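To start, the structure itself, in structure tokens.
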Number of protein chains: 2
Amino acid sequence: MTEFRTTAPTSGAPTLSAQEGDDAASGGLRARKIAQAKLAVEHAAFTIALERGYEHATVDAICEAADISQRTFFNYFGSKDGVFLGRGPAQITDTDAREFVESPGPLLGDLMAVISRTIVDHEHDADLFAMRQKLAKRSPEFAKALVSTMNSVEESHVALIRERFAAQHRQGDEKDLDDEARMAVSLAIGAMRFVFRRAFDSKTERIRRETLDRAIDLVNRVTTS
Amino acid sequence: MTEFRTTAPTSGAPTLSAQEGDDAASGGLRARKIAQAKLAVEHAAFTIALERGYEHATVDAICEAADISQRTFFNYFGSKDGVFLGRGPAQITDTDAREFVESPGPLLGDLMAVISRTIVDHEHDADLFAMRQKLAKRSPEFAKALVSTMNSVEESHVALIRERFAAQHRQGDEKDLDDEARMAVSLAIGAMRFVFRRAFDSKTERIRRETLDRAIDLVNRVTTS
DNA sequence: CTGCAAGATTGCAGAACCTGCAAGTATTCC
DNA sequence: GGAATACTTGCAGGTTCTGCAATCTTGCAG
């Protein structure tokens, strides 16, 4: 067995190297080379995992395919899971944030939309995105781990909700508002687990607007019974 | 780093041995010895983890303290996480199940109550329960893993909800009802994550009725805004 | 109570993930 | 061009976990 460590590998973040988004053609020669090497490793990782299955894709094999040392692999990604899970949810854009804060709509639905956007639309490399999706469909364990990266949005989204409350001039005890915000995030994350499960089961590639709308509808139905 | 593999170690279930609930004084000499040995291992594990921290509690150390071989350890518990996470949520009792199915109350609240009961009240050994609680408070990583064991109730609880729907003579498309049930479980689990987080942060030992009631109140507030 | 069969434990070898450290190599900057 | 800096690598070692074969214990039948 020993399938998949769903939790954050907790091995800390990658150690050194150009940390923040080495987005290809930024900076000097060095930075470019590193970005390119990382991309090569990621491609190798998914290619091998799609061939042999997640658990049989050893980091030794990945390193050999990408032509780097194992040590460098761990410098880059911190752990085996690191390559596969990617950088986690993206930061929310300012416009999305503003829209959310000022929306008059139902809190849970808006939240789900926001989460959906931070999770889905942020892989710079389309190939990688597709392969990750494919792997998630093929390996339930991996899917589970992928879904659980969602939990990392909690803190930032609680803050967002607090802003929204402020915009609505809601008053009340600090602690009450905070609790309410936290519960909202917890519920939204729960609902999104459902959405992603669906997405990984279905044949379609992307999460579609319909799926999200249906989920919001289900939430409404459930919370009123 | 390398703190905690939150996901199921996925290493399969323990291999051999008297599998099902070796509840101490059941069966012959052999079964009793095994139950006793397992308990000793569990105690050793938590004692050491509370002394040195979860990640520094090596299974070697645990085995030495409990006086068994490492190999036997893995036969018993399947993985390091196995000892600490325990057997996971208990099976729901028939009376609880019936009560849930026939309750006229709000679905989400009832569900949360049910989950709370399957999670909390099933450790045969009070010491172990207390130590697990203490460790969860001390190690956020462990707490996370513990909370995520909740996910395993999904399947059984979906079935429960379907029964409840049937008892209420709800009709509709099979698939719709199933989706609704799944969403309900997802939301309830989300809400319970909140509850457990709270429980592990606070000073109090047990999850109190108040905490649950407050959580249900929060859910209502959130779902109506 | 003796001895056999089934079941449990153990040691060993080894795979796989991951870390610290020191030495080597490449880039950058002056 | 050469020093300073940053990255890569190899190596040794730690930890979790598995398969296998040998050994020991228990349960049981005669």
Side-chain angles (χ1 to χ4, degrees), chain A residues 1-5 7-19 22 27-38 40-41 45 48-49 52-64 66-85, chain B residues 1-19 22 27-38 40-41 45 48-49 52-64 66-85 145:
Chain A
M1 307 299 121
T2 259
E3 297 248 332
F4 199 101
R5 282 88 174 161
T7 205
T10 352
S11 63
T15 342
L16 21 111
S17 279
Q19 224 69 287
D22 10 42
L29 169 67
R30 189 180 222 130
R32 253 178 294 130
K33 268 195 174 176
I34 289 177
Q36 188 184 327
K38 283 191 183 179
V41 176
I48 293 178
R52 319 185 186 172
Y54 179 87
E55 51 184 339
H56 295 114
T58 67
V59 348
D60 271 346
I62 295 168
C63 291
E64 194 179 352
D67 202 44
I68 58 163
S69 72
Q70 202 194 57
R71 200 61 190 74
T72 298
F73 175 96
F74 286 109
N75 284 342
Y76 280 174
F77 302 103
S79 71
K80 178 180 170 180
D81 294 0
V83 221
F84 289 101
L85 297 181
Chain B
M1 303 300 122
T2 262
E3 298 245 330
F4 199 101
R5 283 90 173 157
T6 157
T7 205
T10 353
S11 63
T15 340
L16 19 110
S17 278
Q19 224 71 287
D22 10 41
L29 169 67
R30 193 183 211 117
R32 253 177 295 129
K33 269 196 173 176
I34 289 176
Q36 188 183 328
K38 284 190 183 180
V41 176
I48 292 178
R52 318 184 186 173
Y54 179 87
E55 51 184 339
H56 296 114
T58 67
V59 347
D60 271 346
I62 296 169
C63 291
E64 194 178 352
D67 204 44
I68 59 164
S69 73
Q70 202 195 56
R71 200 62 189 75
T72 298
F73 175 94
F74 285 110
N75 285 342
Y76 281 173
F77 301 101
S79 70
K80 177 179 171 181
D81 293 0
V83 222
F84 289 102
L85 297 181

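Hydrogens, waters and symmetry mates play no part in the numbers below; they use all other heavy atoms, side chains included. Model, not experiment: these values are computed from the prediction. Proteins get letters first, then strands, A, B, ... in listed order; numbering begins at 1 in each.
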Expressed in angstrom and rounded to an integer, what is the separation of [X] atom [atom1] from [N] atom [atom2]?
X	N	atom1	atom2	result
B:R30	C:dG7	CZ	P	8 Å
B:D67	C:dG11	CG	P	10 Å
B:E55	D:dG14	CD	P	17 Å
B:F84	D:dC17	CZ	C1'	16 Å
A:R71	C:dA23	CZ	C1'	14 Å
B:E64	D:dT16	CD	P	14 Å
A:F74	C:dC18	CZ	C1'	5 Å
A:D60	C:dC18	CG	C1'	12 Å

Which one, [options], comes nearest to the side chain of [X]?
X	options	answer
B:S69	C:dT28, C:dT10, D:dT16	C:dT10
B:I34	C:dT9, D:dC7, D:dC17	C:dT9
A:Q70	C:dC18, C:dT10, D:dC17	C:dC18

Within-4.5 Å side-chain heavy-atom neighbours: B:Y76 and B:V83
no
Do B:E64 and B:D60 touch side chain to side chain, with heavy atoms closer than 4.5 Å?
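Heavy-atom side-chain distance check fails, nothing below 4.5 Å.
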Determine: side-chain N/O of [X] to OP1/OP2 of [N], distance under 4.0 Å, yes or no.
X	N	value
B:Y76	C:dA8	no
A:T72	D:dT8	no
A:K33	C:dA26	no

Pairing nucleotide - D:dG30, Watson-Crick or G-U, each distance under 3.5 Å
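Matched D:dG30 with C:dC1 under the 3.5 Å cut-off.
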How long is the gap from [atom1] on [X] to [atom2] on [Y], to the nearest 0.5 Å?
X	Y	atom1	atom2	answer
A:I34	A:R32	CD1	CZ	11.5 Å
A:D81	A:Y54	CG	OH	4.0 Å
B:I62	B:F77	CD1	CZ	9.0 Å

